Structure formats: structure tokens, C-alpha cells
Enquirer: 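The structure that follows is given in the form of C-alpha cells.
Not measured: the values here are computed from a predicted model. First listed ligand is number 1; within each ligand, the first listed atom is number 1. Computation of the quantities below employed the complete heavy-atom set of this structure, encompassing side-chain atoms and omitting hydrogens, waters and symmetry-equivalent molecules.
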Amino acid sequence: MGGGSSSSSSFEPPPSPTLVEPWRTVSWGNNQGDLQYVQGYKPENNSIKHLRVLVYGPVGSGKSSFINSVSSILQGRIAIPAAASAMTSDRSFTAKYQTHKIKEGRGSSATTYPVVFNDIMGLEEGTNSGVLPDDIKLAMMGHVKEGHVFNPIAPLSEKDPDYNRTPSADEKAHIVVCLLSANASEIKQSVLQKMYRVRQMASELEIPHMMIITKIDDACTETEKNLRNVYKSKYLKKKMEEFSSDVGIPMNCIFPVKNYSHEIDLNEDVDTLILSVLRRIIDFGDDFIEKS
Ligand SMILES: Nc1nc2c(ncn2[C@@H]2O[C@H](COP(=O)(O)OP(=O)(O)OP(=O)(O)O)[C@@H](O)[C@H]2O)c(=O)[nH]1
Ligand SMILES: [Mg+2]
């Protein structure tokens with residue numbers, strides 16, 4: 001008895017993975033305003049040539065890919081200045097501290113945009129691997145020289161030739177951005193603790209701090225189908241709330257993106273999300289420049 005009965009409870013549809021209305025508004029298909037804003041930015045303060053963005057996060061979270069994506073959008077074509085790994089591994093692909101400048105124009109008249117990005121080794125689980133939070137603090141303060149290879153066992157010491165004793169105002173970071181993958185099944189507690197420490201260090205130095213959630217295409221079938229579902233996806237909203245409380249960053253400082261990874265051409269919706277976060281990075285970083 002009962003098999004084949006049409007009792008209403010056994011035929012209830014599964015709950016929808018998306019909200020009816022997006023919880024944040026995005027002006028899709030209208031990138032020109034944000035692009036001009038970003039391309040036209042210049043720090044007012046004459047002692048600062050460029051706004052410096054320091055990115056950090058777990059191994060493989062998409063740090064180098066994010067820098068490449070920004071570079072691609074500003075240059076209007078896919079660019080690969082920051083070597084990204086071919087696949088995610090548990091060892092950081094980026095070991096060296098490097099500033100990425102984005103070229104503006106071509107040939108002899110080419111200049112660089114006044115926003116630069118510092119790529120850093122990934123955070124890893126455990127005590128003897130990945131970049132140390134203390135080294136990230138030194139990078140924030142401008143003490144790490146270009147090309148330094150991070151040592152996961154000991155932080156850079158003042159005696160080391162790679163230690164910059166007298167950083168200029170534009171060698172210091174003006175905004176710190178942590179990246180986390182929305183696809184990471186579980187971020188290890190020890191990695192989250194390191195991120196929490198880095199967030200505290202940035203607060204002590206009063207440097208603004210933001211979070212970017214990457215790989216939203218990989219993590220949620222609704223956003224994979226259509227990026228415009230990003231703020232309707234219940235899964236992504238939950239992930240952002242979890243990361244917000246884990247690292248101690250308010251929701252209004254967290255932005256989801258899809259990085260360019262396999263594409264050979266730019267895509268308007270990918271650009272919309274990246275430009276929207278880039279605009280905030282510039283605003284928050286510029287607030288810090290203005291008050292320092
Ligand atoms: N689908 C998808 N893949 C991504 C995205 N972002 C990065 N990836 C891929 O994830 C892998 C790791 O990306 P990387 O940019 O090298 O990550 P990273 O944080 O610089 O890694 P380490 O330098 O090793 O710490 C690469 O294969 C990227 O192509 C994204 O938003 N979506
Ligand atoms: Mg990298």
C-alpha cells in the first residue's frame with residue numbers, strides 16, 4: 001500500500017538553489033562607468049606614485065589569476081603578467097614577492113597604471129609551510145624587497161639584505177585583500193587562524209582590508225550557468241557569511257568574482273564583477289592614502 005500513492009509530501013519539489021531577488025544590485029552590461037573610473041584614478045597625494053594592493057590567501061585561491069584578470073580588463077585583452085598555476089596543488093606556486101604593474105598604452109609612449117598589485121606566496125596548513133603571517137605584516141609595512149623568496153620557517157629579519165629598512169610611502173600597502181575560493185570544500189582551521197591574524201595585523205596598522213571570493217563559477221551550478229545569478233545563489237551567500245565570520249570581515253567588504261582562467265577572450269559579465277570590486281579597492285585604498 002502506498003507505493004505510487006500521490007501523497008503531496010512525497011512530491012514536494014526540492015527547495016530552489018536561488019533566491020527570487022538578488023540581495024545586492026549589480027549593473028550588468030554597463031561596465032563603461034566603472035572602467036573609466038578605474039582607468040582614470042590617480043592618487044592626489046604627490047608623494048605617492050601608485051596605490052599598492054597587497055593580495056594574500058590560501059594556496060591556489062586565485063591570487064595570481066585575480067591580478068591577471070585585472071590586468072586583462074584594463075588592457076582590453078587577456079594578459080598573464082602574474083604566473084598562475086596550471087592547477088590547484090597544496091604547495092604555493094608563487095614563492096617570490098613581486099609587484100605587478102599594469103601597462104597603459106603601447107610602444108614608447110606606454111606608461112603604467114597608478115594601481116599596483118603585490119602577489120605573495122600562499123598560506124598553507126601547519127607551521128613549516130606557506131608564507132608566515134608575520135611576513136605578510138612586513139609586506140604591509142613595505143619592509144619586503146622586490147624578489148624576496150619567502151621562507152616558511154623564519155620571518156624576514158632586519159639583518160637580511162631583502163629587508164627594506166626605510167620604505168617610502170608608496171612601498172607600503174594601502175589596502176590588503178584576502179582571497180578565498182568559494183569552491184574550497186573546507187578551509188583548514190589553521191589556515192583560517194593565520195588569516196584572522198593577518199586581518200588583525202592590518203587593523204592594528206589601520207590598513208583597510210577586503211575579501212574576494214573566487215571560483216564562483218566552479219562552486220555553484222547556478223553561477224556556472226549564468227554569472228548574473230551570483231547574488232541569487234543561496235550557496236554563495238552562505239559561503240560569504242561563513243568566511244565573513246571566520247576571518248572577521250564585514251559582508252559589505254566581501255565581493256565574489258570569477259577570474260579569467262581558461263578563456264581566451266574577455267567576457268562582459270566577468271568584467272562587471274571584477275571592476276565592481278576593483279572600484280572599491282581603489283576607494284578604500286585611496287581613503288587610507290588620504291588620511292596617512
Ligand atoms: N574556474 C575558475 N578557476 C580559477 C579561478 N581563479 C583561479 N582559478 C584556477 O585556480 C588555479 C590556481 O590559481 P592561481 O591564480 O595560481 O592561485 P594562487 O592563489 O596564485 O596560488 P599560489 O600562488 O599557488 O598560492 C589555476 O589553475 C587557475 O586557473 C576562478 O575564478 N574560476
Ligand atoms: Mg600565485
Enquirer: Take Asn151 and Val149 through the side-chain contact (heavy atoms from CB on, under 4.5 Å) test and state the conclusion after the steps.
Expert: CA-CA 7 Å; Asn151 176 357; Val149 177; over 6 Å; no
Enquirer: What part of Asp217 sits under 4.0 Å from ligand 1 if we count only heavy atoms: the side chain, the backbone, both or neither?
Expert: side chain
Enquirer: Answer yes or no for Thr94: is there an N/O/S atom below the 2.8 Å cut-off from the Mg ion (ligand 2)?
Expert: yes
Enquirer: Out of curiosity, is Gly57 lining ligand 1, as in a heavy atom under 4.0 Å away?
Expert: no
Enquirer: Parallel, tilted or perpendicular for Phe288 and His174, by the 30°/60° rule?
Expert: tilted
Enquirer: Using the ring centroid of each side chain, check whether His143 and Tyr163 are separated by less than 6.0 Å.
Expert: yes
Enquirer: Closest by any non-hydrogen atom to atom 6 (N) of ligand 1: pick that one out of Asp218, Asn259, Val59.
Expert: Asn259
Enquirer: Between ligand 1 and Ser64, is the shortest N or O to N or O distance under 3.5 Å?
Expert: yes
Enquirer: Any nitrogen or oxygen of Gly62 lying under 3.5 Å from a nitrogen or oxygen in ligand 1? Just yes or no.
Expert: yes
Enquirer: Under 2.8 Å from the Mg ion (ligand 2), can any N, O or S atom of Met121 be found?
Expert: no
Enquirer: Compute the shortest N/O to N/O distance between Ser65 and ligand 1 and return yes if it is under 3.5 Å, no if not.
Expert: yes
Enquirer: Go through Ser244 and Met240 one step at a time and tell me if the side-chain contact (heavy atoms from CB on, under 4.5 Å) criterion holds.
Expert: CA-CA 6 Å; Ser244 167; Met240 286 170 70; over 6 Å; no
Enquirer: Validate the cation-pi geometry between Arg24 and Phe255: distance from NZ or CZ to the six-membered ring centre under 6.0 Å, angle to the ring axis within 45°.
Expert: yes
Enquirer: So is Lys232 actually on top of Trp23's ring, under 6.0 Å and inside 45° of the axis?
Expert: no
Enquirer: I need the atoms of ligand 1 closer than 4.0 Å to a non-hydrogen atom of Gly122, numbered in the order shown.
Expert: 25 (O)
Enquirer: Check this for me - ligand 1, Ile120, N or O atoms closer than 3.5 angstrom, yes or no?
Expert: no
Enquirer: Do the side chain of Lys194 and the main chain of Gly126 share a donor and acceptor less than 3.5 angstrom apart?
Expert: yes
Enquirer: Ignoring hydrogens and angles, state whether a donor on the side chain of Glu125 or Ser190 is under 3.5 Å from an acceptor on the partner side chain.
Expert: no
Enquirer: For ligand 1, which atoms sit closer than 4.0 Å to a heavy atom of Lys258?
Expert: 31 (O)
